[in-house]
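Report on one structure; see the data block that follows.
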Amino acid sequence: QVQLVESGGGLVQTGGSLRLSCAASVRTFTSYVMGWFRQAPGKEREFVAVINRSGGITRYADSVKGRFTISRDNAKNTVYLQMNSLKPEDTAVYYCAATGAVVVATTPTLYNYWGQGTQVTVSS
């Protein structure tokens, strides 16, 4: 069982930055590929970023490429999402997720464990 707790969301102006954290309660954090997803009101949950078990491979949605950075600290069982140059369209609930899959999965259905989400609101 993996428990995930996100933090770091909030209200920020356009162009601002936020850093999300996701702390995992699990013995073998390095067994899991970690992803960030987001869901805006009335929209489906969408992929944002993913990082492999060692942290050496990352993938991003085109909409956030160059602005967001995913990283992980395996010693702290934590994954991060640094979000820069935020736009109003980035407003959503952001979810951290974990999967035991080998590949860097971008599909939500491949993830077994989810956090409760943290709200990010970008004002124009």
Side-chain angles (χ1 to χ4, degrees):
Q1 187 72 14
V2 180
Q3 292 186 326
L4 303 172
V5 178
E6 302 99 334
S7 61
L11 174 64
V12 64
Q13 291 185 334
T14 297
S17 299
L18 283 174
R19 188 196 196 200
L20 305 183
S21 299
C22 172
S25 296
V26 63
R27 279 191 173 185
T28 55
F29 183 61
T30 53
S31 295
Y32 296 90
V33 168
M34 302 298 296
W36 285 98
F37 294 79
R38 66 187 182 186
Q39 189 166 18
K43 295 187 177 181
E44 292 187 353
R45 191 167 299 189
E46 65 174 2
F47 165 73
V48 175
V50 61
I51 190 166
N52 75 333
R53 298 171 183 181
S54 68
I57 297 174
T58 58
R59 295 287 185 269
Y60 297 92
D62 288 343
S63 59
V64 307
K65 203 171 293 184
R67 299 187 298 122
F68 291 11
T69 302
I70 188 171
S71 62
R72 65 190 294 163
D73 185 336
N74 287 339
K76 296 183 178 179
N77 283 14
T78 302
V79 62
Y80 304 97
L81 185 68
Q82 178 66 44
M83 305 186 295
N84 298 328
S85 302
L86 283 161
K87 305 174 181 180
E89 51 263 45
D90 294 318
T91 295
V93 177
Y94 283 71
Y95 297 91
C96 170
T99 177
V102 176
V103 297
V104 282
T106 62
T107 304
T109 54
L110 294 179
Y111 285 77
N112 313 96
Y113 305 100
W114 293 84
Q116 82 288 349
T118 185
Q119 177 70 46
V120 171
T121 303
V122 184
S123 63
S124 57

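Computed from a predicted model, the values in this text were never measured in an experiment.
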Hey, what do you get for CD1 (Ile57) to CD1 (Ile51), rounding to the nearest 0.5 Å?
10.0 Å
Nearest heavy-atom contact between Leu4 and Ala24 is CD2-CB, 3.6 Å
Can you give the donor-acceptor pairs under 3.5 Å from side chains of residues 106-113 to other protein atoms, not counting sequence neighbours?
from   : atom 1 : to     : atom 2 : distance (Å)
Tyr111 : OH     : Ala105 : O      : 2.5
Asn112 : OD1    : Gly100 : N      : 3.4

Any sub-3.5 Å donor-acceptor pair from Thr91's side-chain atoms to Val122's backbone N or O?
yes
Would the distance check show the side chain of Arg72 and the main-chain N or O of Gly55 forming a donor-acceptor pair, the cut-off being under 3.5 Å?
no
Point-to-point distance, once rounded to the nearest 0.5 Å, from NZ of Lys87 to OG of Ser124:
14.0 Å
Atom pair CD1 (Ile70) and CD (Gln82), whose distance is rounded to the nearest 0.5 Å
12.5 Å
So, Asn77 side chain and Ser25 main chain: donor-acceptor pair closer than 3.5 Å or not?
no
Using atom types as modelled and distance alone, determine if a side-chain donor or acceptor of Tyr95 lies under 3.5 Å from a backbone N or O of Glu6.
no
Would you say that Leu20 contacts Val120 through its side chain, given a criterion of any heavy-atom pair below 4.5 Å between the two side chains?
yes
Under the side-chain contact (heavy atoms from CB on, under 4.5 Å) test, residues paired with Thr30 that sit two or more places apart
Asn74
Give a yes or no on whether Val93 and Val12 share a hydrophobic cluster (residues Ile, Leu, Val, Met, Phe, Trp, Tyr; joining criterion: side-chain heavy atoms under 4.5 Å apart).
no
For residues 31-40, tabulate all N or O donor-acceptor pairs below 3.5 Å that involve a side-chain atom, not counting sequence neighbours.
from  : atom 1 : to    : atom 2 : distance (Å)
Ser31 : OG     : Thr28 : O      : 3.4
Ser31 : OG     : Thr28 : OG1    : 3.4
Trp36 : NE1    : Tyr80 : O      : 3.4
Arg38 : NE     : Glu46 : OE2    : 2.6
Arg38 : NH1    : Asp90 : OD1    : 2.9
Arg38 : NH1    : Tyr94 : OH     : 2.9
Arg38 : NH2    : Glu46 : OE2    : 3.2
Arg38 : NH2    : Ser63 : OG     : 3.4
Gln39 : OE1    : Arg45 : NE     : 3.4
Gln39 : OE1    : Arg45 : NH2    : 3.4
Gln39 : NE2    : Lys43 : O      : 3.1

Check for me whether Arg59 meets the cation-pi criterion with Phe47, that is, NZ or CZ under 6.0 Å from the six-membered ring centre and within 45 degrees of the ring axis.
no
Where Thr78 and Ala23 come nearest, the two heavy atoms and their spacing
OG1-CA, 4.1 Å
Hphob cluster co-occupancy, Val50 + Tyr60, side-chain heavy atoms under 4.5 angstrom
no
Roughly how far apart are Leu86 CG and Thr121 OG1, rounded to 0.5 Å?
10.5 Å
For Gln3, does the CD atom have more than 12 heavy-atom neighbours from other residues, nucleotides or ligands under 6.0 Å away?
no
List the atom of Cys96, the atom of Val79, and the distance in Å for their closest heavy-atom pair.
SG-CG1, 3.8 Å
Do Leu81 and Val2 belong together in a cluster built from hydrophobic side chains that touch within less than 4.5 Å?
yes
